[in-house]
Asks: 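One structure follows; several queries about it will come next.
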Amino acid sequence: TISGGIEHGRWGKLLEEPKRFNFNLSEQHGDVYLKYGRFLNEEATRSIGNVFSVSHHTINSNLNSLIHRQFTAKESRLHYSLLYQTPEIEEKHSKLGLQLNIINWTESLTDSFKSNWNNQRLFAEIGGFYEWVIEGEHWNWVLGGRLDYHSIYGVYATPRIHGKFEINPNNKINFQGGLGRRTPFVFSENLHNLVNNRFLKIEHPTHLTQGFLPQEKAWNGGISYLKN
């Protein structure tokens, strides 16, 4: 399967008189991806899948014309995923795979207050994941984990567990828990907080690693009850 798309958006345009507040933002996004999978034996118990995608996203904005606050950002992303599934043996089977992400990121913020910020980085992330599925008469378990290497944040692991207990065919209890991570892109994710006359100052630059804040990390979990 080969697919792709291009999106274009523009919003937030106000009065354009020089002494009036003006705000303008434009975004463009395009991506193309390829999916290919096949069974590895005649019984169709072993399979392998591949996902390849490329994308490009740009933001151009005038956040406050009175102080000439402008923000631009560009992201070019290359992604590849490989997934292998093993046959079921005694109500157990597993999935494992590899993922690769290469991202070229550029952002710039300028205004009359000299709140200047420029960051350009090419970074990569490669990781592997494993998922073990155990199916029983009343219990189902999914035990999984990832091990990743990030060119900025180094090596880290993210475990996760999912479970389901079937009291009877009409009543089920589901629960899950694990560790989540994400890389913050502070300016592009918080443009609404920059549409003002406030002076921007980074007070703790030692917290930055190659221009990026530390990854956000959180343990999370939940439980739910389902009645048919």
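Atoms considered below: every heavy atom in the structure, side chains included; atoms not considered: hydrogens, waters and symmetry mates.
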Asks: Under 3.5 Å, is there a donor on one side chain and an acceptor on the other for S108 and N118?
Replies: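 Their side chains do contain a donor-acceptor pair, which is all the 3.5 Å distance test asks for.
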
Asks: How does the hydrophobic cluster around F199 look, that is, which other residues are in it when side-chain heavy atoms under 4.5 Å mark a link?
Replies: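 Same cluster as F199: I67, F113.
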
Asks: Answer yes or no: is there a side-chain heavy-atom contact under 4.5 Å between I48 and L40?
Replies: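 The answer is yes, as the side chains (C-beta and beyond) meet within the 4.5 Å cut-off.
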
Asks: Mind checking whether F165 and H138 have parallel, tilted or perpendicular rings, split at 30° and 60°?
Replies: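 Rings of F165 and H138: tilted, 30 to 60°.
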
Asks: Ignoring hydrogens and geometry beyond distance, is a side-chain donor-acceptor pair present between E107 and W117 at under 3.5 Å?
Replies: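 A pair is found: one side chain offers a donor N or O, the other an acceptor, under 3.5 Å apart.
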
Asks: Using a 4.5 Å cut-off on heavy atoms from C-beta on, say whether the side chain of P159 contacts that of L179.
Replies: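 Sidechains of P159 and L179: in contact.
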
Asks: Please tell me whether Q99 and S81 have a donor and an acceptor in their side chains that are separated by less than 3.5 angstrom.
Replies: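 There is such a pair (donor and acceptor under 3.5 Å, judged by atom type) between the side chains of Q99 and S81.
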
Asks: Within the 4.5 Å heavy-atom criterion, are L109 and Q70 side-chain neighbours or not?
Replies: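 No. Closest side-chain heavy atoms not under 4.5 Å.
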
Asks: Are Q28 and H57 packed together at the side-chain level, in the sense that at least one heavy-atom pair is separated by less than 4.5 angstrom?
Replies: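 Result no, sub-4.5 Å side-chain heavy-atom pair not found.
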
Asks: What distance separates S188 OG from W105 CH2, expressed to the nearest 0.5 Å?
Replies: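 Rounded to the nearest 0.5 Å, the OG-CH2 separation comes out at 4.0 Å.
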
Asks: Could you pull out all donor-acceptor pairs under 3.5 Å where a side-chain atom in residues 123-134 meets a protein atom, sequence neighbours excluded?
Replies:
| residue | atom | partner | partner atom | Å |
| --- | --- | --- | --- | --- |
| E125 | OE2 | Y156 | OH | 2.6 |

Asks: Would you say the side chains of Y80 and N50 form a donor-acceptor pair under 3.5 Å?
Replies: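 Yes - a donor-acceptor pair under 3.5 Å links their side chains.
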
Asks: Taking atom types as modelled and ignoring hydrogens, do the side chains of H93 and T86 form a donor-acceptor contact shorter than 3.5 angstrom?
Replies: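 Distance-only check fails for H93 and T86.
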
Asks: When you compare the side chains of N196 and N64, does any donor N or O come within less than 3.5 Å of an acceptor on the partner?
Replies: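 Result is no, nothing qualifies.
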
Asks: With no hydrogens and no angle check, just 3.5 Å: does a side-chain donor-acceptor pair link R77 and H79?
Replies: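 No, no side-chain donor-acceptor contact under 3.5 Å.
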
Asks: So do the side chains of I173 and I167 get within less than 4.5 Å of each other, counting heavy atoms only?
Replies: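 A side-chain contact exists here, since the closest heavy-atom pair is under 4.5 Å.
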
Asks: Under the 3.5 angstrom rule, does the side chain of K114 hit a backbone N or O of D111 as a donor-acceptor pair?
Replies: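 No; judged by distance alone, with no hydrogens or angles, the pair does not exist.
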
Asks: Any salt bridge (charged side-chain N to carboxylate O under 4.0 Å, His left out) involving residues 180-199? Give me the pairs, sequence neighbours left out, ordered by first then second residue.
Replies: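 For residues 180-199: R182-E189, R182-E216.
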
Asks: I'd like to check V186 versus L213 (side-chain heavy atoms, cut-off strictly below 4.5 Å). Are they in contact?
Replies: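 When only atoms from C-beta onward are counted, L213 and V186 do touch, with a gap below 4.5 Å.
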
